[in-house]
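Every value quoted in this text rests on a predicted model; they were computed, and no experiment measured them. For the numbers below, each heavy atom of this structure counts, side chains included, while hydrogens, waters and symmetry mates do not.
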Amino acid sequence: MSKPSVAELRPVVHPAGVKDRRSGEHWAGRLYMREISLRWTRHLVNTRITPNQLTYLMVLAGIAAGGVLLVPGIAGAILAALLIQLYLLLDCVDGEVARWRSTTSITGVYLDRVGHYLAEAALLVGFGVRAADVFAVEGQAANWLWAFIGTVAALGAILIKAETDLVDVARARSGLPAVKDEAATPRSSGLALARKAAAALKFHRLVGGVEASLLILAVAILDLVRGDLFFTRLGVAVLAAIAVVQTLLHLVSILASSRLR
């Protein structure tokens with residue numbers, strides 16, 4: 001069976017709303033990864049590889065990104081950034097293969113969401129362990145406080161996703177349809193303005209996998225110049241603070257909007 005062309009794939013695997021959904025599609029997907037993924041998908045749609053198997057690979061790539069951060073120096077940060085790009089690629093490809101084959105399933109959606117939880121948490125925990133200096137790069141014993149702070153960042157990242165996902169759970173259990181994007185606007189004008197300001201600054205995105213991996217790479221470069229782990233530890237502290245604040249703000253935003261009505 002011949003491979004479909006990119007032109008044949010695009011209208012099927014990128015139907016209206018996939019790349020345009022601001023609340024669901026990552027900026028890197030819209031900017032470049034969806035175009036790269038099409039070139040991979042066309043080689044996979046006629047193979048025996050299933051979308052769920054691709055999702056499992058996505059999860060492994062994300063968890064591995066956290067694991068390779070134990071490699072000291074710039075090498076670990078580069079490997080983590082590359083693995084997160086692979087994670088993002090597979091996150092695009094699994095759904096595209098499923099849509100082309102018309103095999104989209106609830107199981108696939110569930111695995112995808114679990115994968116996001118695990119991968120992003122693993123990256124932030126790995127960042128914290130990296131900051132703890134478990135291999136005594138600085139010549140001292142490991143400082144496990146930084147591993148704890150990284151775990152706090154990971155917990156915050158998970159809770160932010162859970163707060164969003166639990167909106168659908170609450171609505172489904174109440175017999176309500178899925179929430180629409182416009183319902184996310186807080187009913188209070190003051191909260192709506194604050195939400196717009198936060199969305200414009202986009203600081204909350206730093207705890208996401210792609211953004212966090214780029215931050216980790218940036219601080220690794222700075223640490224290479226400085227010769228210690230100062231910027232890595234600063235980065236862990238910043239991400240933990242963002243995660244905690246965003247967890248609280250996101251909860252308030254949901255309760256103040258029409259998403260639960």
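Listed for the R171 side chain is no donor-acceptor partner under 3.5 Å among the backbone atoms of L176.
Partners of V219 under the side-chain contact (heavy atoms from CB on, under 4.5 Å) rule, at least two apart in sequence or in another chain, are F127, L215, F231, T232. With sequence neighbours excluded, the residues satisfying side-chain contact (heavy atoms from CB on, under 4.5 Å) with S5 are A7, E8.
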Give the C-alpha distance, both sets of side-chain angles, the deciding distance and a yes or no for side chain to side chain contact (heavy atoms under 4.5 Å, CB included) between R30 and E35.
-> CA-CA 8 Å; R30 293 193 300 271; E35 293 304 312; over 6 Å; no
Start with the C-alpha gap between V236 and R130, add the side-chain angles, then the distance that decides, and say whether side chain to side chain contact (heavy atoms under 4.5 Å, CB included) holds.
-> CA-CA 9 Å; V236 171; R130 180 182 177 87; over 6 Å; no
Chi angles and distances behind the side chain to side chain contact (heavy atoms under 4.5 Å, CB included) call for S253, E163 = CA-CA 10 Å; S253 175; E163 287 169 352; over 6 Å; no
Starting from the C-alpha separation in whole Å, work towards a yes-or-no answer on side-chain hydrogen bond (donor to acceptor under 3.5 Å, both in side chains) for E96 and S37.
-> CA-CA 8 Å; E96 291 171 359; S37 65; 2.7 Å; yes
Show me the donor-acceptor pairs, under 3.5 Å and distance only, between side chains in residues 52-67 and residues at least two apart or in other chains.
{"residue": "Q53", "atom": "OE1", "partner": "T50", "partner atom": "N", "Å": "3.0"}
{"residue": "T55", "atom": "OG1", "partner": "P51", "partner atom": "O", "Å": "3.0"}
{"residue": "T55", "atom": "OG1", "partner": "D94", "partner atom": "OD2", "Å": "2.7"}

Can you give the donor-acceptor pairs under 3.5 Å from side chains of residues 74-90 to other protein atoms, not counting sequence neighbours?
{"residue": "Q85", "atom": "OE1", "partner": "Y32", "partner atom": "OH", "Å": "2.7"}
{"residue": "Q85", "atom": "NE2", "partner": "Y32", "partner atom": "OH", "Å": "3.3"}

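Under the 4.5 Å side-chain heavy-atom criterion for Ile, Leu, Val, Met, Phe, Trp and Tyr, L206 and I216 are members of the same hydrophobic cluster. L124 and L217 fall into different hydrophobic clusters, where Ile, Leu, Val, Met, Phe, Trp and Tyr residues are linked whenever their side-chain heavy atoms come under 4.5 Å apart, directly or through other members. In the hydrophobic cluster analysis, where Ile, Leu, Val, Met, Phe, Trp and Tyr join through side-chain heavy atoms closer than 4.5 angstrom, L239 is grouped together with L222. Using a 4.5 Å cut-off between side-chain heavy atoms of Ile, Leu, Val, Met, Phe, Trp and Tyr, with links allowed through other members, V114 and I160 fall into the same hydrophobic cluster. A continuous path of ILVMFWY side-chain contacts below 4.5 Å connects V125 to L70, so both sit in one hydrophobic cluster.
A heavy-atom distance below 4.5 Å is found between the side chains of W27 and E211. Contact annotation: the side chain of E120 never approaches that of V207 to less than 4.5 Å [non-hydrogen atoms, C-beta and beyond]. Side-chain atoms of N143 and W146, non-hydrogen and from C-beta on, do get closer than 4.5 Å to each other. A 4.5 Å side-chain heavy-atom check between L155 and T151 finds every atom pair outside the cut-off. In this structure, I149 and R233 have side chains that are not in contact, with every pair of non-hydrogen atoms separated by 4.5 Å or more. Two residues are said to be in side-chain contact when any heavy atoms from C-beta on lie closer than 4.5 Å; W144 and V134 meet this criterion. Side-chain contact check for L248 versus V252: every heavy-atom pair is 4.5 Å or farther apart. Side-chain contact between H250 and T164 is present, with at least one heavy-atom pair separated by less than 4.5 Å.
Across G156 and A243, no two heavy atoms sit closer than the pair CA-CB, 3.9 Å. Minimum heavy-atom separation, I49 to R101: O-NH1, 2.7 Å.
Alongside L166, the hydrophobic cluster contains V169 (criterion: ILVMFWY side chains under 4.5 Å). Other cluster members for I106: none, since no ILVMFWY side-chain heavy atom sits under 4.5 Å from it.
Atom-to-atom distance recorded for W100:CH2 and L9:CG is 5.0 Å, nearest 0.5 angstrom. Interatomic distance, CG of D112 versus OG1 of T107, reported as 12.5 Å (0.5 Å rounding). Taking OG1 of T41 as the reference point, atom CZ of R34 lies at 8.5 Å (rounded to 0.5 Å). Separating the CG atom in L159 from the OG1 atom in T247 is a distance of 5.0 Å, to the nearest 0.5 Å. The distance from the CZ atom of R173 to the CG atom of D168 is 12.5 Å, given to the nearest 0.5 Å.
In summary, the side chains of H43 and K3 do present a donor paired with an acceptor at a separation below 3.5 Å, with no hydrogens or angles considered.
In Y117, the OH atom is crowded: over 12 heavy atoms of neighbouring residues, nucleotides or ligands sit closer than 6.0 Å.
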